[in-house]
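First comes the structure, then the notes that go with it.
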Amino acid sequence: MGGTGWALGEARVADDSDFETLKNLLASEDGWNVEYERDGVKVWTEDAAHGALRTVKVVAEFEDVEPDALYDVLHDPEYRSVWDTHMLAAEDAGHINVNNDVGYYAMSCPAPLKNRDFVLQRSWLDTGEEKMILNHSVYHKDYPPRKGYVRALSLLTGFVVRTRSGPGSWLGYVSRSDPRGALPAWLVNRVTAQLAPRLVHQLQAAARRYPGWKALTDYPYHKPWRHPEQVPSYRIKLEDCIDPDAPTPSPQPEPKPNTSKKLSIPQVQVKEVESQSVEDLGDISSEFSVEVEELSELTLDSTKKKGKFYKLVKSMKNRRKSVQIAKSADNLVDGKPEEKQEKKKPFKFHRRFSFSRGRED
């Protein structure tokens with residue numbers, strides 16, 4: 001799986017070698033092409049692609065953001081509904097242990113794209129000197145593909161947060177993913193590299209506001225990713241993450257012994273090229289400018305609006321009201337007048353939509 005120890009879709013407890021793979025990718029220099037360099041943010045894409053899709057690597061430094069705040073922003077599911085404008089729904093399926101969990105994430109995409117969703121195993125490790133988060137796509141029996149969504153895949157997505165030599169924090173980000181659908185690989189590679197800097201700046205702004213926002217919530221000290229005793233007691237079974245429809249690898253026949261006296265030349269096994277259906281960066285695949293994809297008209301049955309997933313999406317919309325709390329916290333710290341809220345258009349479930357938001361030049 002792009003250099004990590006996970007097999008495609010495998011759910012298991014991450015070990016040290018998985019995090020070492022992430023750090024090695026960030027530290028490597030050979031085989032990478034610089035795609036973007038500006039304002040302290042540098043983006044590379046791999047030269048030798050694994051299949052059709054390439055790995056993207058980002059390194060950035062923030063003088064005004066502490067490492068703890070940046071790490072908390074990447075973890076906190078409540079705050080994600082504030083800063084992630086593309087999130088439609090997120091749900092925790094359960095923990096494998098105190099450092100590994102499985103969850104569901106749904107995101108909006110601009111028309112004419114269909115919305116995407118993921119089922120991800122997330123793993124994290126805080127060594128004191130650096131904090132790391134990994135995720136990759138897995139199967140879970142309670143989260144089958146949903147109508148109106150394209151099930152995207154994450155092969156390798158990871159963050160490393162460190163302290164800078166001066167004040168502030170250092171962020172490393174690696175991602176290789178497949179949004180699936182009708183997007184050609186060359187377009188995915190190009191758009192991913194272009195969106196990476198936008199994600200980094202979005203994270204920086206969110207991290208600046210996080211301490212004030214968290215202090216005004218009902219549970220300012222609730223951080224299970226830091227305090228294992230706060231992790232919910234519910235555990236998932238790894239058996240629930242085994243896809244029954246996944247093809248089982250056929251056993252390889254044992255080679256017959258060569259009894260001839262002729263000089264035998266060893267067979268060189270050619271490594272199969274990975275198919276184009278690799279995976280996505282749950283975070284950066286937020287926007288794609290072009291896609292030729294047939295959009296079916298979905299009719300809504302009022303009786304179906306009472307389901308668990310519908311309520312989950314509606315709750316995400318309601319929780320965005322906490323943006324006001326975040327800005328109020330900024331005003332308390334900075335003494336700035338409260339900015340006028342920009343009115344957002346309502347959205348309809350399971351139709352082509354995306355939250356209205358300002359686009360950057």
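Since the model is a prediction, treat every value here as computed from it, not as a measurement.
Of the possible donor and acceptor atoms, one in the side chain of Asp18 sits under 3.5 Å from a partner among the backbone N and O of Asp15. The main-chain N or O of Pro144 is never found under 3.5 Å from a side-chain atom of Arg146 such that the two would form a donor-acceptor pair. Checked by atom type and distance alone, the side chain of Ser169 pairs as donor or acceptor with a backbone atom of Val65 at under 3.5 Å. For Lys57 (side chain) and Ser28 (main-chain N/O), a donor-acceptor pair under 3.5 Å exists by modelled atom type.
Note on Val59: it clusters hydrophobically with Trp32, by side-chain heavy-atom contacts below 4.5 Å among ILVMFWY residues. Hydrophobic cluster membership differs between Ile236 and Val231, with clusters built from Ile, Leu, Val, Met, Phe, Trp and Tyr side chains linked at under 4.5 angstrom. Placement of Val174 and Leu125 within a single hydrophobic cluster is found when ILVMFWY residues are connected by side-chain heavy-atom separations under 4.5 Å, directly or transitively. Hydrophobic clustering places Leu195 together with Trp186 (ILVMFWY residues linked when any side-chain heavy atoms are closer than 4.5 Å, directly or through intermediates). Note on Tyr219: it does not cluster hydrophobically with Val73, by side-chain heavy-atom contacts below 4.5 Å among ILVMFWY residues.
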message: If you apply the rule side-chain contact (heavy atoms from CB on, under 4.5 Å), what do you find for Ile96 with Gln121, and how did you get there?
response: CA-CA 9 Å; Ile96 300 175; Gln121 178 190 332; 3.9 Å; yes
field: side-chain contact (heavy atoms from CB on, under 4.5 Å) evaluation trace for Leu70 with Tyr210
entry: CA-CA 8 Å; Leu70 187 58; Tyr210 181 78; over 6 Å; no
task: Before giving the answer on side-chain contact (heavy atoms from CB on, under 4.5 Å), spell out for Phe19 and Val160 the whole-Å C-alpha distance, their side-chain angles and the decisive distance to 0.1 Å.
output: CA-CA 9 Å; Phe19 294 102; Val160 176; over 6 Å; no
Audit row: Tyr221, His227, side-chain contact (heavy atoms from CB on, under 4.5 Å) steps and yes/no: CA-CA 9 Å; Tyr221 302 106; His227 310 294; 5.9 Å; no
task: Could you walk me through whether Asp76 and Trp225 pass the side chain to side chain donor-acceptor pair (under 3.5 Å) test, one step at a time?
output: CA-CA 8 Å; Asp76 200 320; Trp225 52 94; over 6 Å; no
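For Glu46 and Arg54, the salt-bridge test fails: no basic side-chain N is under 4.0 Å from an acidic carboxylate O.
Of the options Arg122, Lys223, Arg80, Arg226, a side-chain contact (heavy atoms from CB on, under 4.5 Å) to His75 is made by Arg122 and by none of the others. Glu61 pairs in a side chain to side chain donor-acceptor pair (under 3.5 Å) with only one of the listed residues (Arg164, Lys42, Gln204), which is Arg164. Remark: of the listed residues Tyr139, Tyr104, Tyr105, Tyr104 is the sole one forming a side-chain contact (heavy atoms from CB on, under 4.5 Å) with Val119.
Within a 6.0 Å sphere centred on CD of Glu29, other residues, nucleotides and ligands contribute 12 heavy atoms or fewer. Under a cut-off of 6.0 angstrom, the local environment of CD in Gln230 is crowded, with over 12 non-hydrogen atoms contributed by other residues, nucleotides or ligands. Annotation for Arg190: atom CZ does not count as buried by contact number, only 12 or fewer foreign heavy atoms lying within 6.0 Å.
For the pair Met132/Thr127, a side-chain contact is recorded, criterion being any heavy-atom separation below 4.5 Å from C-beta on. For the pair Tyr36 and Val58, the minimum side-chain heavy-atom distance is 4.5 Å or more. Side chains of Asp240 and Asp142 form no contact here, defined as non-hydrogen atoms less than 4.5 Å apart. Lys23 places a side-chain heavy atom less than 4.5 Å from the side chain of Glu130. Side-chain contact between Thr21 and Leu134 is absent, with no heavy atoms from C-beta onward closer than 4.5 Å. Side-chain contact between Thr157 and Tyr173: present, with at least one pair of heavy atoms (C-beta onward) separated by less than 4.5 Å.
Of the N and O atoms on the side chains of Ser108 and Asn115, not one donor lies less than 3.5 Å from an acceptor on the other residue. Side-chain contact of Gln202 with Asp84: a donor-acceptor pair under 3.5 Å is absent, judged by distance alone.
Of all the heavy atoms in Leu156 and Leu25, the pair that sits closest is CD2-CD1, 3.4 Å. In terms of heavy-atom proximity, Pro197 sits nearest to Ala193 at CD-O, 3.3 Å. Residues Arg235 and Pro232 approach most closely at NH1-O, 2.7 Å, considering heavy atoms. Listed here is the closest heavy atom pair of Val56 and Ala196: CG1-CB, 4.4 Å. Here the closest heavy-atom approach between residue Leu238 and residue Ala11 is recorded as CD2-O, 3.7 Å. Residue Trp124 comes nearest to Val98 through the heavy atom pair CZ2-O, 3.1 Å, listed as atom of the first residue, atom of the second, then distance.
Note: His86 NE2 to Arg116 CZ = 13.0 Å, rounded to the nearest 0.5 Å. From Leu22, atom CG reaches atom CD1 of Ile133 across 10.0 Å, with rounding to the nearest 0.5 Å. Between atom OG1 of residue Thr163 and atom CD of residue Glu66 there is a gap of 7.5 Å, rounded to the nearest 0.5 Å. Interatomic distance, CG of Asn189 versus CZ of Arg176, reported as 9.5 Å (0.5 Å rounding). Separation of atoms NZ (Lys131) and CG (Asp72) is listed at 8.5 Å; rounding is to 0.5 Å. Rounding to the nearest 0.5 Å gives a distance of 10.0 Å between CG of Asn135 and CG of Asp101.
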